[in-house]
Amino acid sequence: MPPSVPLPDRQRAGAITGQFNRPAADSAFLQGLNAEQRDAVLSTEGPLLVLAGAGTGKTRVLTTRIAHILTSRRARGGEILSVTFTNKAAREMKERIAHLVGATVEGMPWLGTFHSIGARILRRHAELVGLRSDFTILDTDDQIRLIKQLLEAENIDEKRWPARQFAGLLDGWKNRGLMPSDVVPAESAFFANGKAIKLYADYQQRLRDLNAADFGDLLLLCIDVFRQHPDVLAEYHRRFRYMLVDEYQDSNIAQYLWLRLLAQGKPASEANICVVGDDDQSIYGWRGAEVDNILRFEKDFPGAKVIRLERNYRSTANILAAASHLIANNESRLGKTLQTDGGVAGEKVGVTSVWDSEEEARQIGQEIEDLQRRGESLNSMAILVRASFQMREFEERFITLGLNYRVIGGPRFYERREIRDALAYLRLIANPTDDLAFERIVNVPKRGIGDTTIKVLFDTARHQKVPMVNAVRMLVETEELKPKQRSTLRGLVGQFDDWAERSRSVPHHELAQQVLDESGYTEMWQQDKSPDSPGRLENLKELVRSMEEFESLGGFLEHIALVMDRDSGEAEDAVSIMTLHSAKGLEFDTVFLPGWEEGLFPHQRALDESGRAGLEEERRLAYVGLTRAKRRLRLSVAQNRRIHGLWQAAIPSRFLDELPADVVEVKDTGSAYGGYGYGGRAANRFSTADPFDSLYETPGWQRAKAQQANRRSPGPTTIDGELVARSVDLGSGSAYRVGDTVVHLKFGSGVVVAIEGNKLSIDFEAGRKKVLDSFIRKG
DNA sequence: CAACATCTACTTTTT
DNA sequence: GTAGATGTTG
């Protein structure tokens, strides 16, 4: 055991460190780690970049590293900052550390998601950014409603400039760490004729008035505090002796800046920061993640040690070969070669062509039942889809089969309407100035308070610069409102006063139940005849039950905003259905990947919006999907898929062409119709029977190749005049020109009349159509 | 002000 | 095909 580092007298660091006097502890952890993993665990001092391929034991390294730091007494639990992206990952790390060091995680207060740690820090210094420490955390729903109010106040037509779109802009800015004053006017021009910057400033002001912060603020305002108050930052420099970041490839600029500020306590070359990631699994570019963060880590922290974990312990050789071969088609990557640990080749990767998504569901259901009969557990199987609408078909099929399944992801518990309503009541009790909560529930259940009355309340509140509840108190003393509304509102504030009073004596979960009953909210759903109302009542019960686990109402509300993710009961044996995104970090014996069709996967929108960079991200998504499988991998292609209610012929995904032929086994379901499918074709030929069918010569493929040549980068992002990050964007120049004669599989020949990215408007005999350029060729 | 009917736009991924 | 959002009517 290394000599222990003397610790300055510091505030209570929690229970963990007190318990290790076991000299053998370290060697016990290190057992079973390979040389690289061990190196990553033991290289505690100085910057470290761990490039961990899929299935190479990344989480194990992280948790062992923390355990090692703790048991070697290099730091106490409270001195380690350890950030993840998802609550799931944070929870898993806590469990595994607890398992390793045999203690509870009470001593690791700074292990959590970026957002929860950001919130924690921000609450301690809220007054520095004009908030109180009990500020509310807005979710997307509140955010949209607030934006709508602002748009209305500015007389901006909501039809033309939807609130959602502005929310997207806001998100983008906040992800890049931009305050209203940092936004360049050019970017503002896209929305409401340049009013976007002002709207952003107004929005932030409104948040301050409401004593609220949105998700982005949890980091952005933290950064602001750090920058404006070096003393505060210094406090964290002293506190955090070690920093660890999971899934670094998913970090955005704001997160990057936040980390960089926190790491500045020491010269960069001595910072004890360890980031773990895999550039090949970067799949969140669309929400601002910058793969470049990981690519430039060595520049940020000169002398950083780089360790590659390339030994895969998860998948069979065939699966690994398929994944490696596919991802090799990406240009922008650091390049790793995954190697099996001398494992078996295993089954080949099955590729099945089916007629449509219904047959796809039938066929997969069938195979699952076969596997089940052979003794495989449903828990070991998963269906990973590109888009959530694909899930329904499987659910329907599995219901008729009586096959147990569970959907992971989907709408979160706290995003359900009834939960949000209930929470609004509770929020308002905890904090009467929460106007958004007030507006949400004044008329839920229906109380005869309509838009006109609410408008009066709102205007009065704004004029008097008081919260809406106070405005109500004032108005009920006047003749401003009709008698009916007046008495209703008087009754309502009376009830809230009553509840607030009771909240001091009654346990919060009991109070919650009383509030729901007395407000008439429970009754509202009891009266409701729609089929989902029993479920809603059930959810409300679940909400009240879950509150028991928390110390206080405040603690509960914080938890629900940031952490409440559904931990789906693993108890029952069931097939998992989820999106590829939510599958990251998981593994299953058998993985089904349906819907490998152009347009769906790679998703058309990714291609349209981000060109080749988008394609590469889709390919990484495919890579993530393939590498989830331990022993058995099944892909499928539907020849027809219904999109927006109409049937469309589908073209097999180009990703299928990128799998090595020798590990793939094409299975024919025998239901292929008229020339589609694989009958009589070469084994590795996945394109349909169209005239442009030759492998690697599809127009889309050629275009992708052509575009590799003409890279084009947008202006790189700079902050403080320094290059922060630059995404690889290779543009989407079209191989076609207006006037070109082209041939389309379905519409025949036509003339190009307009080009918009890779979407072409073409006059066919059948009329003018918008089509994707990968569906046509020059005529 | 609420209920109903109609219309529409929407379907990538989420802390 | 669906679920929201809007508009119209009572």
Side-chain angles (χ1 to χ4, degrees), chain A residues 83-90 112-119 137-141 143-144 148 158-159 162-164 167-168 171 174-175 213-220 246-247 250-252 254-255 258 281-289 357 384-393 396 408-412 414-415 417 442-455 482 484-485 488 530 532 561-566 578-584 595 599-610 614 617-618 620-622 624-625 641-647:
Chain A
V83 277
T84 63
F85 276 83
T86 64
N87 294 304
K88 197 169 67 188
T113 62
F114 274 101
H115 295 271
S116 65
I117 292 175
I137 298 168
L138 249 53
D139 52 46
T140 357
D141 212 64
Q143 204 184 1
I144 296 287
K148 280 188 177 159
E158 255 189 71
K159 295 253 174 64
R164 299 210 149 275
D171 224 42
K174 292 193 172 186
N175 283 339
D214 65 19
F215 265 95
D217 286 344
L218 298 178
L219 289 169
L220 191 56
D246 192 14
E247 307 276 18
D250 286 338
S251 60
N252 60 35
Q255 287 156 341
W258 187 85
Q281 291 187 67
S282 162
I283 54 176
Y284 286 109
W286 52 274
R287 65 172 202 215
S357 54
L384 311 182
V385 297
R386 175 63 183 86
S388 42
F389 74 85
Q390 294 172 263
M391 292 180 180
R392 220 187 56 199
E393 200 95 49
E396 278 168 12
I408 295 177
R412 287 184 198 339
Y414 68 86
E415 277 168 7
R417 196 173 125 200
V442 238
N443 203 31
V444 179
K446 300 260 186 290
R447 295 189 176 90
I449 310 290
D451 290 346
T452 34
T453 314
I454 292 174
K455 186 94 176 34
K482 294 198 196 108
K484 186 161 159 264
Q485 276 74 26
T488 309
S530 64
D532 47 352
L562 285 171
V563 190
M564 193 84 173
D565 54 354
R566 58 158 71 203
M578 68 187 99
T579 63
L580 286 160
H581 282 87
S582 44
K584 191 163 73 158
L600 178 61
F601 194 30
H603 200 282
Q604 187 157 324
R605 226 170 117 171
L607 265 36
D608 289 351
E609 285 171 9
S610 314
E617 181 151 316
E618 292 290 298
R620 290 192 292 267
L621 200 50
V624 167
R641 189 168 291 275
R642 196 165 48 197
I643 299 169
H644 307 338
L646 12 115
W647 288 98

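We use all heavy atoms of the structure for the numbers below, so side chains are in, but hydrogens, waters and symmetry mates are not. Just so it is clear: chains get the letters A, B, ... in the order the sequence lines come, proteins before strands, and each one is counted from 1.
- Nucleotides dT13(B) and dG4(C), compared at atom P, are 15 Å apart to the nearest Å.
- Remark: P of dT15(B) and CG of L218(A) are 13 Å apart, rounded to the nearest angstrom.
- T453(A) comes within 4.0 angstrom of the backbone, heavy atoms only, and of no base.
- Separating the CG atom of D246(A) from the P atom of dT15(B) is a distance of 14 Å, rounded to the nearest angstrom.
- Every side-chain hydrogen bond (donor to acceptor under 3.5 Å, both in side chains) that S251(A) has, sequence neighbours left out, goes to N293(A).
- Residue-nucleotide stacking is not present for F114(A) and dT15(B), judged by a side-chain ring centre under 5.5 Å from the six-membered base ring centre and planes under 30° apart.
- Distance, M391(A) CE to dT2(C) P: 18 Å, rounded to whole Å.
- What you find for A89(A) and D246(A) is that their closest heavy atoms are CB-OD2, 4.3 Å.
- By the side-chain contact (heavy atoms from CB on, under 4.5 Å) test, A119(A) pairs with I137(A), L218(A), E558(A), L562(A), sequence neighbours left out.
- With N443(A) contributing its side chain and G448(A) its backbone, the two residues share a donor-acceptor pair below 3.5 Å.
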Every protein N/O within reach of nucleotides 5-13 of chain B N/O, cut-off under 3.5 Å:
from    : atom 1 : to      : atom 2 : distance (Å)
dT11(B) : O4     : H644(A) : ND1    : 3.2
dT12(B) : OP1    : R605(A) : NH1    : 3.1
dT12(B) : OP2    : R605(A) : NH1    : 3.4
dT12(B) : O2     : R386(A) : NH1    : 2.8
dT12(B) : O2     : R386(A) : NH2    : 2.1
dT13(B) : OP1    : S388(A) : N      : 3.1
dT13(B) : OP1    : S388(A) : OG     : 2.0
dT13(B) : O2     : W286(A) : NE1    : 2.9
dT13(B) : O2     : H581(A) : NE2    : 3.3

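- If you measure from atom CD of E393(A) to atom C1' of dG1(C), you get 12 Å, rounded to the nearest angstrom.
- The side-chain hydrogen bond (donor to acceptor under 3.5 Å, both in side chains) test applied to S357(A) returns E393(A), not counting sequence neighbours.
- When each of dT15(B), dA5(C), dG1(C) is scored by its nearest atom to the side-chain atoms of K148(A), the top-ranked nucleotide is dA5(C).
- dT6(C) and dT11(B) have their P atoms separated by 15 Å, given to the nearest Å.
- Take P445(A) and apply the side-chain contact (heavy atoms from CB on, under 4.5 Å) test, not counting sequence neighbours, and it matches Y425(A), R447(A), Y521(A), M524(A).
- With sequence neighbours left out, the side-chain contact (heavy atoms from CB on, under 4.5 Å) criterion links D171(A) to N175(A).
- Atom-to-atom, NZ of K584(A) to C1' of dT14(B) comes out at 12 Å; the value is rounded to the nearest Å.
- As judged by a 4.0 angstrom heavy-atom cut-off over every strand, N443(A) is placed among residues touching the sugar-phosphate backbone only.
- Rounding to whole angstrom units, CG of residue D217(A) and P of dT15(B) are separated by 18 Å.
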